[in-house]
Chemist: 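To start, I am sharing the structure in question, which I have written as structure tokens.
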Amino acid sequence: MSSSDVRRGARPSVMPKRSSSGWSLLGSEISVLFRRRRTCAMLAAVALIPILLAVAVRLSSEALAPGEGPPFLDRVTQNGLFVGFTAMVVAIPLFLPLTIGVVAGDTIAGEAGLGTLRYLLVAPAGRVRLLLVKYAGAALFCLVATLTLTVSGAIIGAVLFPVGPVTLLSGDTISVSESLARSLLVASYVTVSLLGLSMIGLFISTLTDVPVGAMAATIVVSVVAQILDVIPQLSWLHPWLFSHYWLGFADLLRQPLDLGSFGQNAILQLCYLAIFGALAYSRFVTKDILS
Amino acid sequence: MSRKSLKWLPAVVVPAVVVAAVIAVPLAAGAAVDLPDKTAEQVLLLVNDSTVSTFSGTVAQSTDLGLPSLDLGAGMSGAMPKGTSDSGAGMSSADAVSTAIELLSGSHEFRVYVGGESQSRVQIKDRMAERDVVHNGSDVWLYDSSTNAATHLSIPADLLATAQSKAAELDSKLPADLSTPAQVAERFLENLDPSTTVSVGTDTRVAGRSVYQLVLTPKTTDTLVASVSIAVDSETGLPLQVTVEAQGQNAPALMVGFTAIDFAAPNADLFDFVPPATAAVTEQALPTRPDGADSATDSHPGDHSPAAVDSPVVTGTGWSSIVEVPATAVPAELGDNPMLEQLTETVAGGRALTTSLLTVFLAADGRVFAGAVPLAQLQAAAE
């Protein structure tokens, strides 16, 4: 109840002007999304992943043998900048999709569940704009979540461990500033990787008025895709799964820089955007909005 | 009602367009290529005249040898990191066998950089890891990112010089009728003729370049090899792909080829390998005898003295030839390798490793037979 009041309170000036400007709707959507306690809690949890990793490694007296544990974990003690990479590998299969599922699943179904959806749709042609705004909010969350992970990893790594030139997978060494640039590149790669799942979440969210159902379904879709990705009998399907290139950011840590998988991943995610965007559009514009 | 169904149109059209594009784009890339016709000899000449000395590219390799449980082996090596047992101790021969089997199974992607005759770099792309081999002049570096271990080999200059002078000596000893590449190609085809049909297959595309396909088909039916085709770049004459087909199998047994290639010289920095400060570096002496390669680092030396090694015997000719390695020349560790035990099965007279392309027969008396022939022939040869 109280949260729905807060939501209405957050948009008072927007409602009358919405037909003239979609930007103010976008602004209010973003401010509502990022001021929500749930979003802040998820971002804090994302930031905690590298912190937990780094603290655990720092407190442990036992040195890891090379190749033991998650990738790069054995390098962390020598160079704090590896914390962010390890955290990304750890977070991408489950935790990041989980947060995306919560945000994207909530987009339409959340408004419908609270009964605020019909107020948002007073204006004609408002539905397409609302979908776009909701998707933009979810996509922005992907970017903010991965950047949070990267930045908190870099900070905790620099605080707890020595920082120096970074050794790439190829054995070549790059400077600290170049490694920070590569970290940002990895963050953008992961952001792009999650865009397809966000659109799937948006589509599922248009199917139901129960936000929890949409969130759970989105998370289930991401888990199922990753399970399919390890079944060898389905190898023909693997390149078409939206999760197939999720760990492909290793290519950004090779020398010379290999942007091939970045491009392939982007094209794949675009295909998912197109398909599920069209499905979400058709479903949403034909939907009977009762609440 | 009709307005409503119209709004469902995008949900049908967009997925259909995406699926059509997904199907059509690879089809367009593999569209028929029509190059000027060439005979097998002309294609061989094209390869011989190739002047490509620098390039960089991506190579994909896939194998379908019908081997069981190789993924299991790969998973095992992942679960038990090599670093715990022998970090920095260099490659033991058991390790080398495992690596060879691992590389021959499944599919891998490589990046290859060649900057002239004495500079090259190969990167094996693993999941979240990479293995590098860097050759620059007299230095060879091996680096494995999963264990963060580097191995350095230096090739003595005099060895290079002897190799070069020997090659020159061989050149001068060649019969006079082999002085031109055309004659070499002719002689090569003549030598192949009794055992192999050489033809030029349909032109196609590899790594976005039009290629001639040189197809070698064994004349005998005693071999497991159905055909070997070599894709030769129509412009530069560089072989871009090798495909080996096995008898009675639809998928190629072995396929190695470029998926992308660029003939510009790679950045010279790539070949100046400096091992990371944190890496465990092993200096490995160059083996003095070809068969004693591992004795310097081996944990159990003296299993066999190199002097006592008998050289392998080849019986049969052409595609159906069989290599016999005498028991004294077989490293004792071979029998202990757990991976090998998994791969082989017990057959009459010993153990056998059967793949769609190659059969290895480990006779009970220690001799090893190998060949691209069915197992029965190896067993017959062992008797």
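Reckoned from all heavy atoms, side chains included, excluding hydrogens, waters and symmetry mates. Chain naming here is simple, since letters A, B, ... match the order of the sequence lines and numbering starts at 1 in each.
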Chemist: So which heavy atom on Glu130(B) is nearest to which on Ser170(A), and how close?
Modeler: OE2-OG, 2.6 Å
Chemist: By a 4.5 Å heavy-atom criterion (distance strictly below it), what part of Asn267(B) contacts chain A: side chain, backbone, both, or neither?
Modeler: neither
Chemist: So which part of Thr286(A) gets closer than 4.5 Å to some heavy atom of chain B, the side chain, the backbone, both or neither?
Modeler: both
Chemist: Which one, Val285(A), Leu279(A), Ile275(A), Leu168(A), leads in non-hydrogen pairs under 4.5 Å with chain B?
Modeler: Ile275(A)
Chemist: So how far is it from Phe72(A) CZ to Ser145(B) OG, rounded to the nearest 0.5 Å?
Modeler: 7.0 Å
Chemist: Considering all heavy atoms of both residues, which atom of Pro256(A) and which atom of Tyr113(B) are nearest to each other, and what is their separation?
Modeler: CG-OH, 3.2 Å
Chemist: Side chain, backbone, both or neither: which part of Val18(B) has an atom under 4.5 Å from a heavy atom of chain A?
Modeler: side chain
Chemist: Keeping Ser282(A) on the side-chain end and Ala11(B) on the backbone end, is there a donor-acceptor pair under 3.5 Å?
Modeler: yes
Chemist: Working to the nearest 0.5 angstrom, can you tell me the gap between Asn148(B) CG and Arg75(A) CZ?
Modeler: 4.0 Å
Chemist: Is the backbone of Gln255(A) close enough, under 3.5 Å, to the side chain of Gln123(B) for a donor and an acceptor to pair up by distance?
Modeler: yes
Chemist: Quick one: closest heavy-atom pair of Trp8(B) and Arg283(A), and the distance?
Modeler: CH2-CA, 3.7 Å
Chemist: What is the distance from atom CG of Asp172(A) to atom CG of Asp269(B), rounded to the nearest 0.5 Å?
Modeler: 9.0 Å
Chemist: Is any side-chain N of the basic residue among Asp251(A) and Arg111(B) closer than 4.0 Å to the acidic one's carboxylate O?
Modeler: no
Chemist: Grab the two heavy atoms, one from Trp240(A) and one from Val22(B), that are nearest each other, plus how far apart they are.
Modeler: CH2-CG1, 3.3 Å
Chemist: Say you draw a straight line from CE of Met128(B) to CZ of Phe85(A); how long is it, rounded to the nearest 0.5 Å?
Modeler: 10.0 Å
Chemist: With a 4.5 Å limit on heavy-atom distance, are the side chains of Tyr143(B) and Thr167(A) in contact?
Modeler: yes
Chemist: How close do Pro10(B) and Ala278(A) get, heavy atom to heavy atom, and via which atoms?
Modeler: O-CB, 3.4 Å
Chemist: If you round to the nearest 0.5 Å, how far is CG of Leu247(A) from CZ of Arg127(B)?
Modeler: 5.0 Å
Chemist: Search all heavy atoms of Ala274(A) against all heavy atoms of Val14(B) and return the closest pair with its distance.
Modeler: O-CG1, 3.2 Å
Chemist: Who wins among Asp258(A), Leu270(A), Leu253(A) for the most heavy-atom pairs under 4.5 Å with chain B?
Modeler: Asp258(A)
